[in-house]
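What follows is a set of notes on a single structure, which appears directly below.
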Amino acid sequence: MARTAPDAPRPTAAAVLDDAVRALAPDSAANPLVAQIEAGAAPRTVFATLALEQHQVIAADRVSFQHLARRADGDPPVADFYDLLAQGETLALKRLAGLADACELTAREIAEYRPRPGCQAYPSYAARLALSGDPADVAIALTANFAAWGGYCTVVGTAMRDHYGFPEAACAFFGFFAEPAPAVEEKARAAVQHGLDTGQARPPTAHRYGRLLQAYELMFWDSVAG
């Protein structure tokens, strides 16, 4: 009598997220602007551009996360993840004020700023995912991107203090994203586990989303450099 092979163990959310972070990590040399900032070689003007562009990015991403939360209304663990991300964008915008002040940006300059298309490709794609991507898959892709973004923020925040003499208030925005975020990580795992348990999460699709997010992330930095 033929023996039936045992079913393969189902992947856990932690394993799926770890794999995405590892597989989608950008090359260490992929972001020349962050390397220049780390060495203190980038012009100080890039920080004003970062502040101006991030005003646009944060506002757009917050709307995208709110929409994803609404789309996941029938899947509470997924909706909770996006609700927390939207709240985080609100906090990040408050922290960004310190950088804008240090760069002597006026409210009029911020309001009338014409954003660079390459800097806004990331939030534009995030909005597309908010409209048509499965929220559980998007959570996987975002987690991989957050790992890269958080690493860049760590480098930039340190360099702002060590090489550019910015006050702590100006570094707070990057410090916000550089700090560990256990609540976000916990809710990401819960969201993805729910997606795996219900068959909604498809890691190969999530990796496709994530590769584009990482590419648009690098485009953001390249466009800031001009």
Side-chain angles (χ1 to χ4, degrees), residues 13 16-17 20-21 24 50-100 107 110-111 113 115 119-154 156-157 171-196 198 200-201 205-206 209-210 212-214 216-217 219-220:
V16 168
L17 290 170
V21 169
L24 300 173
L50 282 166
L52 289 164
E53 293 291 346
Q54 280 297 325
H55 268 91
Q56 304 286 330
V57 173
I58 292 170
D61 283 353
R62 180 169 54 188
V63 172
S64 293
F65 296 151
Q66 289 170 338
H67 187 70
L68 281 158
R70 288 194 295 271
R71 287 184 58 210
D73 186 56
D75 301 288
V78 184
D80 288 349
F81 172 66
Y82 289 111
D83 280 334
L84 184 60
L85 292 187
Q87 293 168 23
E89 295 300 297
T90 299
L91 295 174
L93 187 60
K94 293 179 180 178
R95 302 281 185 95
L96 190 59
L99 178 58
I110 294 171
Y113 178 70
C119 290
Q120 299 306 312
Y122 177 102
S124 297
Y125 183 61
R128 173 181 163 184
L129 293 180
L131 288 172
S132 61
D134 187 280
D137 289 334
V138 178
I140 297 170
L142 286 171
T143 297
N145 175 249
F146 291 165
W149 165 247
Y152 295 146
C153 287
T154 298
V156 171
C171 305
F173 172 78
F174 294 103
F176 176 75
F177 290 106
E179 296 169 354
V184 173
E185 293 170 3
E186 178 183 351
K187 289 192 179 296
R189 287 193 297 270
V192 173
Q193 192 62 58
H194 179 81
L196 293 169
T198 58
Q200 297 176 65
T205 299
Y209 296 161
L212 284 171
L213 282 175
Q214 298 291 56
Y216 291 135
E217 171 79 34
M219 186 183 293
F220 169 86

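Every value quoted in this text rests on a predicted model; they were computed, and no experiment measured them. In what follows, every heavy atom counts, from backbone to side chain, and hydrogens, waters and symmetry copies are set aside.
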Compare every heavy atom of [Y] with every heavy atom of [X], then report the nearest pair and how far apart it is.
X    : Y    : result
A191 : P77  : CB-O, 3.7 Å
Q66  : A86  : CG-CB, 3.8 Å
Q214 : L24  : NE2-O, 2.9 Å
L96  : A51  : CD2-O, 3.6 Å
A92  : F177 : CB-CZ, 3.6 Å
A130 : S64  : CB-O, 3.6 Å

Flag side-chain contact, heavy atom, 4.5 Å: [X] against [Y]:
X    : Y    : result
L50  : F173 : no
V192 : T143 : no
I140 : Y209 : no
Y113 : E53  : yes
V78  : Q200 : no
L85  : L142 : yes
L68  : V138 : yes

Checklist line | Near-ring test Y125/Y216, centroid separation under 6.0 angstrom | finding: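 Under 6.0 Å, so yes.
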What distance do [X] atom [atom1] and [Y] atom [atom2] have between them, rounded to the nearest 0.5 Å?
X    : Y    : atom1 : atom2 : answer
N145 : E217 : CG    : CD    : 5.0 Å
H67  : L129 : NE2   : CG    : 11.5 Å
R70  : D73  : CZ    : CG    : 10.0 Å

Next item on the list: Determine the interplanar angle of the W149 and F174 rings, folded into 0 to 90°, and report it as parallel if under 30°, tilted if 30 to 60°, perpendicular if over 60°.
Entry: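 W149 vs F174 ring planes: tilted.
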Checklist line | Q54, H55, Q56 screened by side chain to side chain contact (heavy atoms under 4.5 Å, CB included) with I58, the one that passes | finding: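 Only one of Q54, H55, Q56 forms a side chain to side chain contact (heavy atoms under 4.5 Å, CB included) with I58, namely Q54.
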Next item on the list: Walk me through it: do T205 and D134 pass the test side-chain contact (heavy atoms from CB on, under 4.5 Å)?
Entry: CA-CA 9 Å; T205 299; D134 187 280; over 6 Å; no
Notebook entry, point to check: Taking R95 for the side chain and G175 for the main chain, is one N or O donor matched with an acceptor at less than 3.5 Å?
Noted result: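 Not at all, since once roles are kept as given, no pair shorter than 3.5 Å links the two residues.
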Notebook entry, point to check: Has the side chain of Y82 got a donor or acceptor atom that lies under 3.5 Å from a matching backbone atom of P135?
Noted result: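 Looks like yes, one N/O pair under 3.5 Å.
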Notebook entry, point to check: Are more than 12 heavy atoms from other residues, nucleotides or ligands located less than 6.0 Å from atom CD of E185?
Noted result: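 Atom CD in E185 is packed in, count exceeds 12.
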